[in-house]
K.L.:
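Mind having a look at this structure? Questions to follow.
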Amino acid sequence: TKQKEPELPLFFGWFLLPEEEERIKCATMDFLKTLDTLEAFKEHISEFTGETEKEVDLEQYFQNPLRLHCTTKFCDYGKAEGAKEYAELEVVKDSLTKSDELSVTALIVTPRVFGARVALTETQMKLWPEGADKEGVAPALLPSVEALPVGSRAHVTLGCSAGVDPVQTGLDLLEILALQKEGKEGTQVEMDLGTLTYLTEGRWFLALREPITADTTFSSFSD
Ligand code: 2AM
């Protein structure tokens with residue numbers, strides 16, 4: 001009799017260990033608390049609220065995801081292109097349940113998402129699917145995304161505003177990186193954690209002075 005095919009997960013990724021999750025949440029929440037009190041941020045508040053005078057509490061504005069992670073491959077239980085091929089890669093099978101350390105080098109805040117940019121190591125890049133950076137990217141943005149180093153989309157979603165899907169974090173991150181490459185940086189503010197840059201339309205990028213590292217486990221996830 002033919003064996004049933006193993007089921008494919010919703011996605012694969014590096015999951016932060018629970019204690020690491022707490023540490024990262026605290027550090028990043030402190031940043032949000034500071035950000036919404038900055039004059040530079042208040043000047044652009046309407047891009048978050050739609051009104052000039054209103055204040056915004058960013059801690060309330062973004063909803064926390066259940067488990068902090070960095071997605072490598074979104075499989076959608078096999079419906080996503082290349083899901084089966086990815087799950088069958090030796091490097092994927094060998095990496096499952098293994099520990100790994102992620103390095104966060106920047107934070108992004110937009111009216112849609114709050115996220116952490118992850119700098120992948122060469123070894124981690126082997127788990128990054130070919131073409132993952134470009135998936136679902138608007139045609140107009142494709143040329144600039146193709147000019148970015150592979151793995152530029154790697155991130156941890158820290159929060160989404162109401163009604164926004166987490167897939168948006170990677171897309172907003174790519175847009176910010178493309179704008180930076182074109183030299184479209186606006187106001188810059190020096191903060192304890194690093195340099196904060198404004199990139200039009202409510203987009204903020206904090207380049208961390210010191211990367212924040214986090215211990216993770218590579219694993220698959222199904223709802
Ligand atoms: P995220 O990686 O930006 O957080 C389950 O939905 C997980 O898969 C989420 O973590 C989500 O975004 C990611 N995800 C959802 N749809 C995706 C897609 N089309 N491409 C890549 N990642 C996706």
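Throughout, residue positions are numbered sequentially from 1 according to the sequence presented. Counting convention: from 1, in listed order, for ligands and their atoms alike.
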K.L.:
What's the shortest distance from atom 20 (N) of ligand 1 to any protein heavy atom, and which residue and atom give it?
P.N.:
V167 CG2, 3.7 Å
K.L.:
Before signing off on this row, confirm whether T157 and ligand 1 have an N or O atom pair separated by under 3.5 Å.
P.N.:
yes
K.L.:
Quick check: do M29 and N64 have side-chain heavy atoms less than 4.5 Å from each other?
P.N.:
yes
K.L.:
Is K73 close enough to touch ligand 1? Criterion: a residue heavy atom under 4.0 Å from a ligand atom.
P.N.:
no
K.L.:
Are Y61 and F114 close enough that their ring centres sit under 6.0 Å apart?
P.N.:
no
K.L.:
Just to be sure I read this right, does ligand 1 sit under 4.0 Å from the backbone of H155, its side chain, both, or neither, counting only heavy atoms?
P.N.:
side chain
K.L.:
Considering only non-hydrogen protein atoms, determine which one is nearest to atom 14 (N) of ligand 1 and report residue, atom name and distance to 0.1 Å.
P.N.:
F74 CD1, 3.5 Å
K.L.:
Test your reading of the structure: does G170 have an N or O sitting under 3.5 Å from an N or O of ligand 1?
P.N.:
no
K.L.:
Which residue, E20, E21, K25, forms the side chain to side chain contact (heavy atoms under 4.5 Å, CB included) with R23?
P.N.:
E20
K.L.:
Closest approach of A106 and L208, non-hydrogen atoms and distance?
P.N.:
N-CD1, 3.9 Å
K.L.:
For H69, state whether at least one heavy atom is located under 4.0 Å from any atom of ligand 1.
P.N.:
yes
K.L.:
I need the minimum non-hydrogen distance between W128 and T71, along with the two atoms involved.
P.N.:
CZ3-O, 3.3 Å
K.L.:
Which residue and non-hydrogen atom of the protein lie closest to atom 2 (O) of ligand 1, and at what distance in Å?
P.N.:
T71 OG1, 2.5 Å
K.L.:
Answer yes when R209 and E190 have at least one side-chain N-carboxylate O distance shorter than 4.0 Å, and no when they do not.
P.N.:
yes
